[in-house]
Amino acid sequence: MIKKQTKSYSKEKIYSHLHPWVLEWFKSKFDDFTPAQKGAIVDIIKGNNILISSPTGSGKTLSAFLGIINHLTYLAEAEKLEDKVYCIYISPLKALDNDINRNLEEPLKGIEKIAGKNLLIRKAVRTGDTSQYERSKMLKNPPHILITTPETLSILLVAPKFREKLSHVKYVVVDEIHALADNKRGSHLSLSLERLQHLIGGFTRIGLSATVSPLEDIGKFLVGNEYGVDRDCLIIDVNYLKKLDIELISLNKDKLLFENREYSQDFYITLNELIMNHRTTLIFSNTRSATERIIYNLKKQFPDNYNSKNIMAHHSAISKELRLLSEENLRNGRLKAIVSSTSLELGIDIGYIDLVILINSPKSVSRALQRIGRSGHQLNEISNGRIMVTSRDELVECSLILKNAKEGKIDKLSIIKNPLDVLAQHIYGMAIENPWDIDYAFDVIKKSYSFENLEKDDYDDVLSYLSGEYQELEERSVYPKIWIDYDKNIFGKKGKLARMFYSTNIGTIPDTSGVLVKCDGEVIGKVEEDFMENLKKGDTFTLGGRIYRFNYGKGMTINVSPAHGPPTIPSWYSEKLPLSFSLAWDIQRLRAILEGKFQAKRSKEEIISFLKKYLYINEDESLIIYEYFRQQYLYAQIPSNKKILIEYYKGFGKTNFAIFHTLFGKKTNEALARATAYIVEKKYNSDVNILVNDNGFYLSSDGKLYGIEAFKTINADNLWDILIKAVKNTEILATRFRHCAGRSLMTLRNYKGEKKPVGMQQVRSKILLKFINDMDDEFPILKEAQRETIEDYMDYSNAKSILSKIKNGQIELKTINTLIPSPFALSLISKPYTSTLSSSDKEQFAIAMNKAILNQIKDKKI
């Protein structure tokens, strides 16, 4: 049973459970236990499963390890420590592993000093970076506390000699579990834990999480089930004990019209003042390119304040050595500021931070709290955060983030279910361990929360693929990996090199690489792979200030030709974090409230007063939001959670637009947009372009648009089938299929010590995809690529929910015609036109469009 911890043990009660040496060490360092520790330590000592959700600096890690160290200390005193692993610590980041290894030094050395002897409690890090020499040492003298990653754990489970060392594990700690639960690394880990459970028979599971919701689902993910009944887990939730000091900063209030990614002079002046008024500042941008640009401009504009020694960048494109150097400099207090994209969100030990600045919207409440929680590391310190917004849409968005953060309302996390590529990888791993009974293996797999609803037919199809029953695949060099004896109902590994193939191709993170762009045979630059996957033939985009038309892609190269006119795909397309659906719904609800107030003819003063109290914002910000919504109300209508507005607008030249005001987040809108465009093209034989963002999407065409007609033909019952057809020949499905083919070992990323280039993988996977489409459109790995595209890249579930609400009348559809785009449409419709403009020209364009709106409504009153 998953339930909340209701006990808070007294200091004296916890003391009574601690070994005298451990107790003396703790008393020498701390006056009391934190709330997380009072709820967790005793139950961990008792062997109960625990999930701790609390902010950075609230004692989560010590909550997990004090009971474990206590157990090892008792064994060490009695000289009963054996050469085996007692505890496995798993984190999603190697940097976190190194932190834990270092941070365990203090209690272990301190307890040894009190004991007056070497207790011989060993700890060690085992990751992909661990040398062969260190690995050999671990076999002879295994660590009692093994610190590792999800991928390395799965490799150890098939390593016969080390597997023996895991056969008596008593504790497993999963750190930053929220960063694993909603992706395939988490699905992969959940199966590894069930395989470990099968090996051992049971162990205490301890999950450590930042602010996340719903905690009950994370608890289920941590502990799994026994034949459909959740294993016991106590949830300790102390997320709101820390005080939050969060403010919005909106610059150029008179020009805050739509997002301008080229930040103004005022922006950098304000940013510099914030940094200079604090000891150490952590700045989060949402993209790597913005990270580099911010550092460059701060150095350039304030050379006396910044240099390469006191401000650094931290993101995934930087070398490991530079990332480690920036982390070390931060811990040692040498940096005035550090700028990151997302890589410092998780709890890497980065020392003291007294201010966190978020540049642009973090797109979810949980992400905002996680980032801002990196400041004020101690439990009783205030977490200081400033969110700098650069557009009206962002101001509205971040105002709701501020409101929900202060009121403790967190976005819901969604856990991926039944990924068949991950399943294929694990079945192969299980076969390498030893032969398995087919039905018993199915039962073990279904004990994972990620696979508890796995259909037997899907399981059988994956077995069929792995055993070579799709014989046509051998024509494409996809060979059997397991054997099956149906008479005895068992399966096992096939081939002497199985463990080598498995261990060198393990994991769920796909290889990625920059995609080369060629024009007339010449390389003109690179784009990211997730940018490429959104392209279809005829799309235009900017690169190096010029416009190009996409012709075709081959491997990790795309062919283009020069083009003119506004691009159909803005260059920022792949960089945007998606807005969470729950936050989007809250914005829609605010829209409905304000429309009601306008309809009731409430005064300007009354509405501004409401906004200040409702959103916890100041007078200036309330005035901007009021004016933004007033303009939309007077010029058109206000779309909301009760009304989808379809705005027909004739653009420059012959292009017609159907703008769908569906503020449900980019992932949900992606599903709605692709389904609508598919219907337009197939049913009405009309070519359309689409552009999607968090606030909605548009269809554009030089001919007649059938936007509302197409949208009305889509419903909750046919959406899946439409999307399957809509993505069939797209780059996005081809990319997802490559990733799934790699995870399921259809294509090998490494073969006999040789790494296969990403381009070669992509070419091979495209050939396989075409072959499989002709062979069997129900092939399990193709089904998984389709599922990943529609459920993970898009948000099928919420798109289906919206369509159901339309059908039952909870959401109505309205259409309008406009001479110029309405205020709410401006940010979406302007992107292609402004992507080639300079910063000053963008500003002038925005001002001109806003004046045109004001001119249209100058004689209208509420």
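Fair warning: this is a prediction, and the values are worked out from it, not measured in the lab.
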Are F501 and Y751 an aromatic pair by the rule of ring centers under 6.0 Å? yes
Classify the ring geometry of Y502 against Y428: parallel below 30°, tilted from 30° to 60°, perpendicular beyond 60°. perpendicular
Hey, does the side chain of W585 reach the backbone of F664 with a donor-acceptor pair shorter than 3.5 angstrom? no
For a quick test of reading the model, state the closest non-hydrogen atom pair linking E784 to C740 and the distance between them. CG-SG, 3.8 Å
In short, I410 meets L369 closest at the heavy-atom pair CD1-CD1, 3.4 Å
Salt bridge present between K7 and D43 (N-O < 4.0 angstrom): no
Interatomic distance, L196 atom CG to L189 atom CG [nearest 0.5 angstrom]: 10.0 Å
I would like to know whether Q197 and E226 meet side chain to side chain contact (heavy atoms under 4.5 Å, CB included); could you show each step before the answer? CA-CA 11 Å; Q197 179 97 8; E226 288 290 341; 4.0 Å; yes
Assess the residue pair R185 and E151 against the criterion (salt bridge (Lys or Arg N to Asp or Glu O under 4.0 Å)); give the C-alpha distance rounded to whole Å, side-chain angles, the decisive distance to 0.1 Å, and a yes or no. CA-CA 8 Å; R185 287 188 84 193; E151 292 77 16; 2.8 Å; yes
Would you call T789 and M794 a side-chain contact if the rule is heavy atoms closer than 4.5 Å? yes
Determine yes or no for a side-chain-to-main-chain donor-acceptor pair under 3.5 angstrom, with S53 supplying the side chain and A210 the backbone. yes
Under 3.5 Å, is there a donor-acceptor pair linking the side chains of N225 and K220? no
Side-chain donor/acceptor of Q425 to backbone N/O of G507, under 3.5 Å: yes
If we ignore hydrogens and angles and just use 3.5 Å, is the side chain of R476 paired with the main-chain N or O of L768 as donor and acceptor? no
Backbone of V422 reached by a side-chain donor or acceptor of K184 within 3.5 Å: no
So do Y465 and K481 actually touch side chain to side chain, heavy atoms under 4.5 Å? yes
Under 30°, 30 to 60°, or over 60°: which ring-plane class applies to Y89 and F65, parallel, tilted or perpendicular? tilted
For a quick test of reading the model, state the closest non-hydrogen atom pair linking I235 to I2 and the distance between them. CD1-CG2, 3.5 Å
Taking all non-hydrogen atoms of both residues into account, name the closest pair between I50 and L222 and its distance. O-CD2, 3.5 Å
Residue pair Q37 / L66, side-chain heavy-atom distance below 4.5 Å: no
Interatomic spacing from CD in Q786 to CG in L782 - rounded to 0.5 Å: 4.0 Å
Is the side chain of N750 donor-acceptor paired with the backbone N or O of T504 at a distance under 3.5 Å, no angle test? yes
Is there side-chain contact between D232 and V223, with at least one heavy-atom pair below 4.5 Å? no
Listing request: all salt bridge (Lys or Arg N to Asp or Glu O under 4.0 Å) pairs with a residue in residues 154-180, at least two apart in sequence or in separate chains. R163-E433
Students often mix this up, so state it plainly: with edges at 30° and 60°, are the rings of Y470 and F779 parallel, tilted or perpendicular? perpendicular
Let me see the working for N103 and T61 under side chain to side chain contact (heavy atoms under 4.5 Å, CB included), right down to the final yes or no. CA-CA 10 Å; N103 293 339; T61 307; over 6 Å; no
Do the non-hydrogen side-chain atoms of F162 and L146 ever get within less than 4.5 Å of each other? yes
Would K417 pass as a cation-pi partner of Y449, given that its NZ or CZ must be under 6.0 Å from the six-membered ring centre and within 45 degrees of the axis? yes
Donor-acceptor side-chain pairing of H168 and E82 below 3.5 angstrom: no
Test item: H739 side-chain N/O and P510 main-chain N/O as donor-acceptor pair under 3.5 Å: no
Should we say atom NZ of K3 is surrounded by more than 12 heavy atoms from elsewhere, each under 6.0 Å from it? no
Is a donor from one side chain sitting under 3.5 angstrom from an acceptor on the other, for S580 and D411? yes
When you measure from the side chain of K363 to the backbone N and O of P578, does any donor-acceptor pair fall under 3.5 Å? no
Could you tell me whether the side chain of S797 reaches within less than 4.5 Å of the side chain of E791, counting heavy atoms only? no
After noting the C-alpha distance and the side-chain angles of I427 and F491, does the key distance pass the side chain to side chain contact (heavy atoms under 4.5 Å, CB included) rule? CA-CA 9 Å; I427 289 175; F491 68 85; 3.9 Å; yes
Is it the case that the side chains of N489 and D439 hold a donor-acceptor pair, with the cut-off being a distance below 3.5 Å and no angle test? yes
Can D83 and R122 be counted as an ion pair, charged N to O under 4.0 angstrom? yes
Taking side chain as C-beta onward, heavy atoms only, is L723 less than 4.5 Å from Y796? yes
N/O donor-acceptor pair under 3.5 Å between T148 side chain and R126 backbone: yes
Mark yes or no for whether S467, through its side chain, and S464, through its backbone, hold a donor-acceptor pair below 3.5 Å. yes
For E194, check salt bridge (Lys or Arg N to Asp or Glu O under 4.0 Å) against everything at least two apart and list the hits. R205, R231
dist D777:CG -> K728:NZ (nearest 0.5 Å) comes out at 7.0 Å
Mind checking the CD1-CD1 spacing from I438 to I490? Nearest 0.5 Å is all I need. 8.5 Å
Go through the steps to decide whether Y86 and I68 satisfy the test side chain to side chain contact (heavy atoms under 4.5 Å, CB included), and finish with yes or no. CA-CA 9 Å; Y86 289 86; I68 297 167; over 6 Å; no
Shortest non-hydrogen pair, F451 vs N418, comes out as CA-OD1, 3.4 Å
Quick one: pull up CD in E670 and OH in Y793 and give me the separation to the nearest 0.5 Å. 4.0 Å
Hey, are D792 and K667 close enough for a salt bridge, meaning a charged N less than 4.0 Å from a carboxylate O? no
Looking at A181 and I415, what are the two nearest heavy atoms and their distance? O-CG2, 3.4 Å
Got V365 and K409 here, is their nearest side-chain heavy-atom distance under 4.5 Å? no
Please round to the nearest 0.5 Å and tell me the distance separating atom CZ of R195 and atom CD1 of I445. 9.5 Å
